[in-house]
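Structure record follows, encoded as structure tokens.
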Number of protein chains: 2
Amino acid sequence: MNERQRARRPGGRSARVGAEVHRAVTELINERGYGNFTVGEVAARAGVADSSIYRRWGGLETLLADVALTRLNAQSPMPDTGSLDGDLRTYAANVAREITGPDGLLLVRLAVALSSNGQQGLQARDDLRDERTRQLQSMLDRARERGEHAPDALDVLDHILAPMYIRVLFGIGPLTPDYIDGLVDRLL
Amino acid sequence: MNERQRARRPGGRSARVGAEVHRAVTELINERGYGNFTVGEVAARAGVADSSIYRRWGGLETLLADVALTRLNAQSPMPDTGSLDGDLRTYAANVAREITGPDGLLLVRLAVALSSNGQQGLQARDDLRDERTRQLQSMLDRARERGEHAPDALDVLDHILAPMYIRVLFGIGPLTPDYIDGLVDRLL
């Protein structure tokens, strides 16, 4: 076991530091919003050294993206129901539930914050997007392997996710089950 | 002519104040971003009294929405080409050009800022959305009056505007003419 593996052992010090830092970030986002706190403030609240954060995440942008991704993966994991139809409907319903919840615009807010934060911000935004796209792509690949005719990941983004996000952002609601199913029907 | 009409006479003092206040808001947005300046700072920069701003706009949220709407109306007026097909393609291309420009995410940033700013913010966001929707609806109504089969305004939002906004927000680009025409084809 090398140094890095030891440091990341589940339940070890690294896991505890990770959890504390994530908690501190979530609190600061809720209290002040994106863009209104520093790595130093996260470190102080989490009870760790600034250098621990820089060493592990490189900077605030990557840390923010990591926190968002962890949360998304926990709250909206990619479904695996055995059929494309079932997967897409479950996924769309999960996303709708997530984005109409109290921190629903988390991902949009984060993307806006990262987009106006120089090259590191753009890189963190791109990495986050690519990771979620890979997960969606795996779901679509499983459908193709079963012999189903699956849409492209970008079509799912354009015609299922984008309309729901924009409706929530501009307060056009609610996202009813009929509406969500209609988006899936239209794509399939 | 009553007091209110006199005050809004084009070229009069009210128009000058309006232009100065809009200019001050645009500068402050560019320098600091939404949410990081007050009515007092706008007033100081525009060389007017705080009370002039409160009297005319009611508060910062309504002022921000007014500035955004004025800009959108100037840069992306609703086209009137004589056919639904022409109108939708021109409109989509205009929006694409606007949102891929330097302040492209203006409307998304503003919606995010207003959404986290209490009841006044939500009201300003809703008014802005309703005004742009009315303009889009007029374009679609003209098509219906010519006997064309026009989609609903919300379908245009869901399947033409939303995908373009989300692609720009997450850095998935570019919005090529083929891509934009494809969105319109799919909807029509």
Side-chain angles (χ1 to χ4, degrees), chain A residues 29-36 65 99 102-117 119 121-133 151-173 175 179-180 182-183 186-187, chain B residues 29-36 65 99 102-117 119 121-133 151-173 175 179-180 182-183 186-187:
Chain A
I29 292 168
N30 290 337
E31 290 169 21
R32 307 193 197 165
Y34 285 113
N36 298 318
I99 66 179
D103 316 316
L105 290 171
L106 171 96
L107 199 57
V108 168
R109 280 180 210 284
L110 175 60
V112 164
L114 293 178
S115 300
S116 32
N117 219 342
Q119 203 49 49
L122 291 174
Q123 187 62 51
R125 177 200 66 182
D126 292 352
D127 291 345
L128 174 60
R129 173 202 69 206
D130 290 346
E131 175 54 28
R132 285 295 279 181
T133 306
D152 288 338
L154 281 177
D155 285 331
V156 175
L157 178 77
D158 279 350
H159 297 289
I160 296 183
L161 304 180
M164 295 198 295
Y165 270 109
I166 291 296
R167 283 193 177 217
V168 171
L169 182 60
F170 287 100
I172 303 168
L175 303 179
Y179 169 71
I180 300 166
L183 292 175
R186 191 180 183 120
L187 182 63
Chain B
I29 292 168
N30 291 337
E31 288 169 23
R32 306 193 198 165
Y34 284 114
N36 299 318
I99 66 180
D103 316 318
L105 290 170
L106 171 98
L107 199 57
V108 169
R109 281 180 209 283
L110 175 60
V112 164
L114 293 177
S115 300
S116 33
N117 218 344
Q119 203 48 51
L122 292 174
Q123 187 62 52
R125 177 201 65 181
D126 292 352
D127 290 346
L128 174 60
R129 173 203 68 206
D130 290 346
E131 173 56 27
R132 284 296 279 183
T133 306
D152 288 338
L154 280 177
D155 286 331
V156 174
L157 178 76
D158 280 350
H159 298 290
I160 295 181
L161 303 181
M164 295 198 294
Y165 270 109
I166 291 295
R167 284 193 175 217
V168 171
L169 182 59
F170 288 99
I172 304 167
L175 304 179
Y179 170 70
I180 301 166
L183 292 175
R186 193 179 183 124
L187 182 64

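Numbered from 1 within each chain, the chains take letters A, B, ... in sequence-line order.
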Per-residue contact mode, [X] against chain A (heavy atom under 4.5 angstrom):
X      : value
B:L183 : side chain
B:L114 : neither
B:L157 : side chain
B:I172 : both
B:F170 : both

Worksheet item: Can you name the residues that form a salt bridge (charged side-chain N to carboxylate O under 4.0 Å, His left out) with B:R109, not counting sequence neighbours?
Response: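 If we apply the salt bridge (charged side-chain N to carboxylate O under 4.0 Å, His left out) test to B:R109, skipping adjacent residues, there are no hits.
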Whether the side chain of [X] engages the backbone of [Y] through a donor-acceptor N/O pair (distance < 3.5 Å, no angle test) should be reported.
X      : Y      : answer
B:R125 : A:L169 : yes
B:D155 : B:P151 : no
A:R167 : B:D158 : no

Discussion item. Could you measure the distance from the CG atom of B:L106 to the CD1 atom of B:I99? Nearest 0.5 Å is fine.
Written reply: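 Reported value, rounded in 0.5 Å steps: 11.5 Å.
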Worksheet item: How many angstroms lie between NE2 in A:H159 and CG in A:L154, if you round to the nearest 0.5 Å?
Response: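 Answer for the NE2-CG pair, A:H159 versus A:L154, is 10.0 Å.
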Worksheet item: Which residue out of A:L105, A:V112, A:N36 racks up the most heavy-atom pairs below 4.5 Å with chain B?
Response: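 That would be A:V112.
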Worksheet item: At a heavy-atom separation under 4.5 Å, does A:L122 approach chain B through its side chain, its backbone, both, or neither?
Response: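 Answer is neither: A:L122 stays 4.5 Å or more from chain B.
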